[in-house]
Protein chains: 2
Amino acid sequence: MNLQPPRTRIQRKNTENILNAGLEVFSRHGFRGATLDQIAAEAGLSKPNLLYYFPSKEAIHVTLMDRLMQTWLDPLRKLDAGGDPVAELLAYVRRKLQMSRDFPRESKLFANEILQGAPRMLAALEGDLKRLVDEKATVIAGWSRAGRLARIDPHHLIISIWALTQHYADFDVQIRAVLGPGHDPMTEAESYLVTLFTKLLTPEG
Amino acid sequence: MNLQPPRTRIQRKNTENILNAGLEVFSRHGFRGATLDQIAAEAGLSKPNLLYYFPSKEAIHVTLMDRLMQTWLDPLRKLDAGGDPVAELLAYVRRKLQMSRDFPRESKLFANEILQGAPRMLAALEGDLKRLVDEKATVIAGWSRAGRLARIDPHHLIISIWALTQHYADFDVQIRAVLGPGHDPMTEAESYLVTLFTKLLTPEG
DNA sequence: CCTGTTCTTGACCGATTGGTCAAAAAGAAC
DNA sequence: GTTCTTTTTGACCAATCGGTCAAGAACAGG
């Protein structure tokens, strides 16, 4: 309904079911490709019942996007300016890759939104995200200048961490097809990416 | 119509218009999110007129996917086992990045298909693509063993080249938002990625 | 010009879309 | 059990979906 924090247990449960179903459907088909009937079926509810909890398809999507932006920013927030540069960045890579492994649907939902031109997320990208990235980029640049990190463009470094880690979630079908059976892409990715970024970031290579 | 190679000029032109419009719409909204009316409008045709050239929405998509798979494989095909290892791989990176710059819609169409689980492309991924990748991975492994290239997992190297180059096309909105105005992501990406892969691939680093 | 083919279109179809509504069912409080 | 609120649902709506069709318009070749 319209009460912001769901009160009864049944409200909490159904709201959560709907968001989970929405995540499933939106992440696979995008906003326009997803249907309320599909989401309702996935959530185990009738369509009117679903619309009792969320006023519209868009409302479900907006709620998901809000949550998503927070989850998405979290790993970068934890990058500690006081820690060891290489170790901190490697830990960030690991956190991001863990998110790809544990929340592939969230990663795909995000990818879908960006692919469509981020119509419902552009403000957050240019606001919160840009601010956070600029802040952390300054930290990285400082490390680089102090010789504690290889010389590297901080913004593009962050972008390449996103690209490499998210790719393993978003393109997992392709990766599995190319690697063939008997591979665990995520496990292989972790050691591969740690090696890659160690080589890339360690100063005086 | 049903004749495979379009004969008249008007057929060629309209077919091309439709495919171009389909690329535009499918790459932004995915298969289910795209509508025939949208594609028809984009192509400057009426809907029945569009269906005079293609029997169905799916037929347009299939045609686009066939073309896409070829364009997508081409840059990797050109990787020459006889050339200099690092130079060959850097050239591959540049080719892939050029594709991201020159054909961003194709890249997004591909990303959309994979995100949705590659329902109309899985066979090609497990067939042509896997064969080609395995072949080139063998070449790379040979280079690595001969000490002409840094030790690296060939499959994941190829995957990371895909991830890094395609990201600049698929996530351009986010990248522009994060970099802010006054940046040319693609130009910056080229020098950044060349530096990155030089460092990564040059032996005895 | 005429004739046959190619191309284009308006009207239309059943199915599905996002969403409404009134009324019934299920809980909760007493 | 009665009453009040919360939850659920079947029936329904206008708009849009992918696709059909018959008839007309434009274009050939002669």
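In what follows, every chain begins at residue 1, and chains take the letters A, B, ... in the order their sequences are listed.
For C/dC7, one of the phosphate oxygens OP1 or OP2 lies less than 4.0 angstrom from a side-chain nitrogen or oxygen of B/Tyr52. Side-chain nitrogen and oxygen atoms of B/Gln11 include none within less than 4.0 Å of the OP1 or OP2 phosphate oxygen of C/dT6. A sub-4.0 Å separation between OP1 or OP2 of D/dT9 and a side-chain N or O of A/Asn49 is present.
Side-chain atoms of A/Ser107 never come within 3.5 Å of backbone atoms of A/Phe103 as a donor-acceptor pair (strictly under, hydrogens ignored). A/Lys136 contributes a side-chain N or O that, together with a main-chain N or O of A/Leu79, makes up a donor-acceptor pair within less than 3.5 Å.
In this structure, the nucleotide among C/dG19, D/dC17, D/dT9 sitting nearest to the side chain of B/Thr35 is D/dC17. The nucleotide whose nearest atom lies closest to any side-chain atom of A/Leu51 is, among D/dG18, C/dG18, C/dG19, C/dG19.
If A/Pro48 and B/Gln38 are placed on DNA chain D by their nearest nucleotide, the residue sitting closer to the 5' end is A/Pro48. Each of B/Asn14 and B/Arg32 was matched to the nucleotide of DNA chain C holding its nearest heavy atom; the match closer to the 5' end belongs to B/Asn14. Mapped onto DNA chain C by nearest heavy atom, A/Ser56 and B/Leu45 fall at different nucleotides, with B/Leu45 at the one closer to the 5' end.
Taking the charged nitrogens against the carboxylate oxygens, A/Asp172 and A/Lys108 do have a contact shorter than 4.0 Å, which makes a salt bridge. Ion pairing between a basic and an acidic side chain is recognised when a charged N comes within 4.0 Å of a carboxylate O; A/Arg67 and A/Glu106 show no such pairing.
At the heavy-atom level, A/Ala34 lies under 4.0 Å from the strands shown only through sugar-phosphate atoms. Within the nucleic acid shown, A/Ile10 comes within 4.0 Å of sugar-phosphate atoms alone, with no base atom in reach, counting heavy atoms only.
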